[in-house]
Each structure stands twice: as C-alpha cells, then as structure tokens.
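Below is one structure, written out as structure tokens, with a few remarks after it.
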Amino acid sequence: MIRVRQAIVVEGRYDKNALRQVVDAPIFETNGFGILKDKRKLAFLREVAARRGLIIFTDADGAGLVIRNYLKGALPKNQVLHAYIPDVPGKERRKRAPGKEGKLGVEGMAPEILIEALRRAGADLSDGAAESRGAPITRADLYELGFSGRQDSAARRTELQRALSLPENLGAGALLDALNLLFTRDEFLTRYQRSFP
C-alpha cells in the first residue's frame, strides 16, 4: 500500500474503491456531474486543497474531462495536481457493455497504472512511513459521541456537517476522512464530547 500525502478526488464510488486497494489517502467523490451544482462539496474540496493538497483523478473520457476542467477552474491552481490515466479500450468487469467512448475508467486500471499516474502527477508518495498525527478518528468514536447508532444520530451528523461546512451527502467513510483532515482525534473528542445514559 502506497501512502499519498494529498487527498484525491474521483468521479464515483467504483473509482474510489479501485484506488483504496492501492493507496492510503483520503479519497472523495464528485458524484459525477453532481459536483457542478454542489456548492458545499466544492467549498469542502477547496478546504481540503488548502489543508493538504488535492489530486484530481478523473476518467479519460469526455465526462471525466468536463469534471476535471470544472474543478480546474474552481480550485486554486497551486493546491491541485492532475493525475491522468491512459486511453485504454475496454469495459470494466462490473459492466455488461463498454461506456459510450469504449474506454476504461479509473476503476478499470491496473494498480501499477494508478500508482504511475499519481507519480507522474507529482503526488507525494511514500511506502507507508508518513508523518503521524496520532490515532485517527474512528467509527467507534462517532458511536461514542452519538454521531452513529443513536436515535438522534442522523440529525447530529447533519448538524456537524453543517457546522463544519461539509457536504451533507458524505458517506460514513468520507465523513471520517474529512474529520481526520480537519482534526486530530484528541481535538475532535475534546470538542464534541457528549455522554449518554
């Protein structure tokens, strides 16, 4: 597993899953063209780029180019890197037919191609010995603080995401990635401590 200092933004969950198999980094989704209308997610990506740097890693097809160009124009150039995959004809295993342009996307690339694309983009890669911020915030922490597993957890998560200007549609894993970018575990536990009967 290769550790990447920067966060990565991809088009969708299958791209995210493919990258999670080869890199240790926060990975966020644009939800395809959803990013074009999601001001909160765009603001969040700006924050991520400012704090950690951001790598845009979209497919090589027309849709990927539209999303990349939108983000390229909306994010500070000095905080963003661009990872490109080659044009490879084919279809992903989960699909019955190739996409409109007949090219493999990020999800269909071999791990070594994904790593090489990150390397060519200028990503800060390591073999796993990166700086330590201590233990990360975990799902168990979210449970202990009442952000999951409680009757009012969904409302509390929504309130937390609004307070931190995070997109409301972040899944559990993406929320954890975001929280771990914004806080150390100790900072988060101190700030949101809550006891339950």
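For reference, positions follow the sequence shown, starting with 1. What's counted below: heavy atoms across the whole structure, side chains too, no hydrogens, waters or symmetry copies.
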Review point. Quick one: does NZ or CZ of R156 land under 6.0 Å from the six-membered ring centre of F147, within 45 degrees of the ring axis?
Key: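 Judged by the rule (NZ or CZ under 6.0 Å from the ring centre, within 45° of its axis), R156 counts as positioned above F147.
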Check your understanding: Do we see a donor-acceptor contact under 3.5 Å between the side chains of T58 and R68?
Key -> yes
Review point. Which is it for N31 and K41 under the side chain to side chain contact (heavy atoms under 4.5 Å, CB included) test, yes or no, and what are the steps along the way?
Key: CA-CA 10 Å; N31 297 321; K41 185 166 275 188; 3.1 Å; yes
Review point. Are any of the side-chain nitrogens in R51 or E47 under 4.0 Å away from the carboxylate oxygens of its partner?
Key: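 Looking at R51 and E47, the cut-off is met.
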Nearest heavy atoms of [X] and [Y], plus distance in Å:
X: G105; Y: D59; result: CA-OD1, 3.3 Å
X: L81; Y: A121; result: CD2-O, 3.5 Å
X: S153; Y: G146; result: OG-O, 3.1 Å

Exercise for review: Evaluate the side chain to side chain contact (heavy atoms under 4.5 Å, CB included) criterion for residues D24 and I2: first the C-alpha distance (whole Å), next the side-chain angles of each, then the deciding distance (0.1 Å), finally the verdict.
Suggested key: CA-CA 6 Å; D24 178 12; I2 300 293; over 6 Å; no
Using atom types as modelled and distance alone, determine if a side-chain donor or acceptor of [X] lies under 3.5 Å from a backbone N or O of [Y].
X: N180; Y: L176; result: yes
X: T30; Y: I35; result: no
X: R120; Y: Y84; result: yes
X: N69; Y: V66; result: no
X: R5; Y: L125; result: no
X: R46; Y: P76; result: no

Review point. Got a sec, which pairs hit salt bridge (charged side-chain N to carboxylate O under 4.0 Å, His left out) with one end in residues 80-89, sequence neighbours left out?
Key: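 For residues 80-89, and leaving out neighbouring residues, the salt bridge (charged side-chain N to carboxylate O under 4.0 Å, His left out) pairs sorted by first residue read D87-K103.
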Practice item. Sequence neighbours left out, what passes side-chain contact (heavy atoms from CB on, under 4.5 Å) with A43? Give chain and number order. Key: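 A43 satisfies side-chain contact (heavy atoms from CB on, under 4.5 Å) with no other residue.
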Practice item. Assign the ring pair F188 / Y192 to parallel, tilted or perpendicular, where the plane angle (0 to 90°) is split at 30° and 60°. Key: tilted
Check your understanding: Are R94 and E107 close enough, and set up right, to give a side chain to side chain contact (heavy atoms under 4.5 Å, CB included), and what steps lead you there?
Key -> CA-CA 10 Å; R94 70 179 176 85; E107 73 172 279; 2.9 Å; yes
Point to revise | Partner of L71 by side chain to side chain contact (heavy atoms under 4.5 Å, CB included), out of L36, L45, V80 | key: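 That would be L45.
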**Study point:** Minimum side-chain heavy-atom gap L164-L179 below 4.5 Å
**Key:**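 In contact.
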Practice item. Just grab all the ring-ring contact (aromatic ring centres under 6.0 Å, His included) pairs involving residues 30-52, residues at least two apart or on different chains. Key: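 Sorted pair list: F28-F44.
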